[in-house]
Amino acid sequence: MDFTWTPEQQDYRQHLRAFIARALPADWEAKSNYDPGSPYVVDFARDFCPALAAEGLLIPHWPVEHGGGGADPWFHWILGEEMFAVGEPRSYQYMNVNWIGPALLRYGSAAQQALHIPQITGGSVFWCQGFSEPSAGSDLAALKTRAERDGDGYVINGQKIWTSAASFASYCFLLARTGPTKRDISVFLVPMDTPGIEVREVMSLTGRRSLHEVFLTDVRVGEETRLGEENAGWAIVKAVLHNERIGAPRYIMAQRALDAAARVLRQDGRFDVPSIQAGLGKARAAVDACQLLCFRIIDGRMKNVSPGGETNVARYALALADRAVGDFIGEHLHDALLAREEQTILTQFRRAASTGLGAGAAEIQLDIVAQSFLELPRSH
Ligand SMILES: Cc1cc2nc3c(=O)[nH]c(=O)nc-3n(C[C@H](O)[C@H](O)[C@H](O)COP(=O)(O)OP(=O)(O)OC[C@H]3O[C@@H](n4cnc5c(N)ncnc54)[C@H](O)[C@@H]3O)c2cc1C
């Protein structure tokens, strides 16, 4: 793996930074709280994403025939790093770019692509992901939401939970059971204004405003909303989950929080205390290890290597890094947390409370690594 950024990649990063610096207001940090689901950031993204699209910066890595720049996966990664470093001003539109759009390009019919792709490439639409249910999180295949055949369409009944962005999304990438066996699952592209859909906000442990319950009662959708064949949703989900797990370079916020922590500790005259130095070093090592593991995945994408257990290793490393930095902040920076002056420190501390759950629990990543990498026997 070559660790040197090419001149083109460096230029691209500078271009992005200049664009972001022009676009974000001076009080961005205070107003956004680095929370992509906050009403302020969602509103901001409604102008920011079309502006990114007009500048050719929204989907650099998509195929040219679909409006992208045809750039390699490193450009996609650089885009993610720069966006996440400032708290994700695209709000949840980052999901469209990372995995919803690519899933539609791979599995969607011509009509589905004609409807959805221009909205995504124009930066004008929000999607949400309707996977998790009250008793189907880690064990996603246990989901109970059903889509029953009815004439030339389906009637969907069930409940989703932890659905980020559901209150402002136009469409849901929804999983529902369409057959008798555990894997008989299909994907539906459901307009969120379809009658029978009720969304309720769930207050998050971290204070964020983006989580919801979604209740589906006799929701009628046409057959044209189904993505791929009936009962073939599991293959789509597996491909999608790979892109979701390593889709956002979240370690960037941890890096920024550690930089802010070092600044505060210097001001307080505590930076040189040996136990603090050791703690900072350990946390930094965890973050850097995570970054390098993510780089391996991107390197694999460059070489068209099929994604394997490395994705799960990197996702687990992300949980470890987030927790290491969160723990360090909790132990040494309580005054800064209470003063609420350093938003990156506060954001990272809060995020660490839920990291290792979203996009697949940390323990489940270890389970998959045990089976797919180490070939250990299953316990049941
Ligand atoms: C910030 C955030 C945003 C989210 N956004 C979305 C979204 O937009 N759409 C969506 O569909 N979902 C979303 N989720 C839900 C997320 O996908 C689930 O939280 C995750 O899949 C875990 O499921 P669960 O919460 O039901 O926990 P559970 O599956 O009940 O797990 C609880 C604990 O038990 C452990 N555990 C469970 N099974 C095993 C096992 N076999 N071996 C060892 N340990 C085990 C887990 O590791 C975990 O620590 C979001 C979650 C978070 C935190």
Side-chain angles (χ1 to χ4, degrees), residues 33-38 41-42 84 87-88 91-96 98-100 103 126-145 158-177 185 187-190 192 197 199-216 233 236-238 240-245 247-248 250 253 312 315-316 318-320 322-323 326 347-372 376-380:
N33 285 328
Y34 295 135
D35 177 357
S38 72
V41 178
V42 174
F84 217 77
E88 198 46 270
S91 179
Y92 283 91
Q93 285 202 38
Y94 77 86
M95 297 201 304
N96 306 355
N98 288 355
W99 64 267
I100 292 176
F126 284 100
W127 281 72
C128 61
Q129 170 191 330
F131 287 10
S132 307
E133 298 186 2
S135 49
S138 298
D139 188 7
L140 187 56
L143 63 87
K144 293 198 176 76
T145 295
Q159 185 200 338
K160 299 292 170 180
I161 193 164
W162 315 124
T163 323
S164 304
S167 58
F168 52 86
S170 301
Y171 295 96
C172 183
F173 195 99
L174 182 97
L175 298 188
R177 184 160 299 292
I185 289 169
V187 175
F188 294 90
L189 313 172
V190 180
M192 286 299 283
I197 299 182
V199 176
R200 293 187 203 151
E201 193 174 294
V202 179
M203 190 40 83
S204 147
L205 171 73
T206 61
R208 293 194 161 194
R209 299 277 308 277
S210 51
L211 294 173
H212 305 85
E213 292 175 299
V214 178
F215 297 88
L216 302 118
I236 298 177
V237 168
K238 278 174 75 177
V240 161
L241 286 182
H242 168 74
N243 281 337
E244 193 208 11
R245 278 186 192 128
R250 295 170 200 272
M253 188 53 83
N312 308 93
R315 186 77 205 182
Y316 184 68
L318 180 62
L320 292 186
D322 264 350
R323 286 174 188 164
T347 300
Q348 179 61 27
F349 183 69
R350 286 179 166 165
R351 257 166 29 88
S354 71
T355 195
L357 261 183
E363 292 76 9
I364 301 304
Q365 309 305 326
L366 288 183
D367 260 6
I368 299 171
V369 172
Q371 286 160 35
S372 70
L376 295 177
R378 292 175 72 101
S379 60
H380 54 87

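Whatever order the structure lists ligands and atoms in, that order sets their numbers, starting from 1. The residues of the chain are indexed from 1 along the displayed sequence.
F131 and W99 have tilted rings, their planes meeting at an angle from 30° to 60° on a 0 to 90° scale.
The protein residues lying under 4.0 angstrom from ligand 1, judged by non-hydrogen atoms, are Q129, F131, S132, G137, S138, W162, T163, S164, L211, L357, G358, A359, A361, E363, I364, D367.
Within 6.0 Å of atom CH2 in W162, 12 or fewer heavy atoms from other residues, nucleotides or ligands are found, so the atom counts as exposed in its surroundings.
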Pairs under 3.5 angstrom only: tabulate donor-acceptor contacts from the side chains of residues 357-368 to other protein residues two or more places apart or in another chain.
| residue | atom | partner | partner atom | Å |
| --- | --- | --- | --- | --- |
| Q365 | OE1 | N312 | ND2 | 2.9 |
| Q365 | NE2 | G360 | O | 3.2 |

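Considering only heavy atoms from C-beta on, I100 stays 4.5 Å or farther from Y171 through its side chain.
For the residue pair E201/S167, the side-chain donor-acceptor check at 3.5 Å is not satisfied.
Within the model, atoms CD of Q129 and CZ of F173 stand 8.5 Å from one another, a figure rounded to the nearest 0.5 Å.
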